Protein chains: 2
Amino acid sequence: MDEFDRKLLNQMQINNRQTAEILSEKVGLSPAACQKRLKKLRETGVIASDISVLDPASIGRRMTMIVEVTMERERPEYLDEFKRKMRASPEVMQCYYVTGTADFVLIVTAKDMKDYEEFTRNFFFQNSNVRRFQTNVVMDGVKVGLAVPLSGDGEG
Amino acid sequence: MDEFDRKLLNQMQINNRQTAEILSEKVGLSPAACQKRLKKLRETGVIASDISVLDPASIGRRMTMIVEVTMERERPEYLDEFKRKMRASPEVMQCYYVTGTADFVLIVTAKDMKDYEEFTRNFFFQNSNVRRFQTNVVMDGVKVGLAVPLSGDGEG
DNA sequence: CGTGAAAGAGCGGACTT
DNA sequence: AAGTCCGCTCTTTCACG
């Protein structure tokens, strides 16, 4: 994991459809060397996946909510059950188990408020282990991404 | 935007490096038809971008924090300034402007607590328009992604 | 790590329904 | 308008220096 790899990864986090030739110009290596490095980065799991990112608005998923969920009991079996449900639910884009005031933070997409209300009925009101939840409606997705900063450190 | 497009997009949200031939088997179209649809989906912005997703753990165990920020004044010029800074900061993976108890919700990565404290100094304490912020440390990234559900409707 | 040849994928045009 | 077939071009891949 040297400076070449970092430059490569920074590029791939922006656009993974760039040809090896274009990448080679940007990082200062030959095209083949870039491809070999990328292959290794994929094999070792540094690159976890390669995906298309959709525009939610283009698909009719116009609302995004950030939800803080507080559980009634923090027993592992209840938490695991909740995690399992969140993973299985397509409306839940992201789910984090956190310390602090809440137990979980979710990022949920919905077509409209009615759609979201149905979600809350199914997953919160109907779940007796959910003590309370607080919804924040997103007005502006200022920055949305998964890009990891690579400047400087990191242990490969 | 029909069932073929939805199947295509669902596949591309999992892996955008599948060949048109493999995609054609999965969605029931010819390879060429898949490519033409994908091209149109990119041109129309339904596919917003194509990226590599890195494994944060492979890059040096970084911490993830979810931060709720409350501003002193909600005047547009202050908000825009804050948004600009968040977009420019690599530590900020995601930033949402929201209704509710807080004004912004951030998802921040840091190398360690010291690194995060430095971040808070630079962006919160040093910014007189930040009234307060509350940090939730992520213990388990139960579900992390940007995949949008496509089941059913939506208006391309 | 860089070079060169071979296999494979993407791309666009013409034709069909 | 959309899908298929069939060329061509570019990209990736691998063996070797």
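Just so it is clear: chains get the letters A, B, ... in the order the sequence lines come, proteins before strands, and each one is counted from 1. None of the values given here were measured: they were computed from a predicted structure.
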Mind checking what makes side chain to side chain contact (heavy atoms under 4.5 Å, CB included) contact with Asp112(B), not counting sequence neighbours? Lys114(B), Asp115(B)

Each nucleotide of nucleotides 6-17 of chain C classed B (base within 4.0 Å of a protein heavy atom), S (only sugar-phosphate) or -, in 5' to 3' order, makes ---SBBSBB---

Between the side chains of Arg6(B) and Glu3(B), is the shortest nitrogen-to-carboxylate-oxygen separation below 4.0 Å, so that they form an ion pair? yes

Do Lys40(A) and Asp5(A) meet the salt-bridge criterion of a basic N to acidic O distance under 4.0 Å? no

[X] [atom1] to [N] [atom2]: how many Å, rounded?
X        : N       : atom1 : atom2 : value
Leu23(A) : dT13(D) : CG    : P     : 13 Å
Glu43(A) : dT13(D) : CD    : C1'   : 13 Å
Asp5(B)  : dA1(D)  : CG    : C1'   : 14 Å

Validate the cation-pi geometry between Lys85(A) and Phe123(A): distance from NZ or CZ to the six-membered ring centre under 6.0 Å, angle to the ring axis within 45°. no

Are Glu91(A) and Ser89(A) linked by a side-chain donor-acceptor pair shorter than 3.5 Å? yes

Donor-acceptor check, side chain of Asp103(B) to backbone of Thr70(B), threshold 3.5 angstrom: yes or no? no

At under 4.0 Å, does any side-chain N or O of Arg37(B) touch on OP1 or OP2 of dA2(D)? no

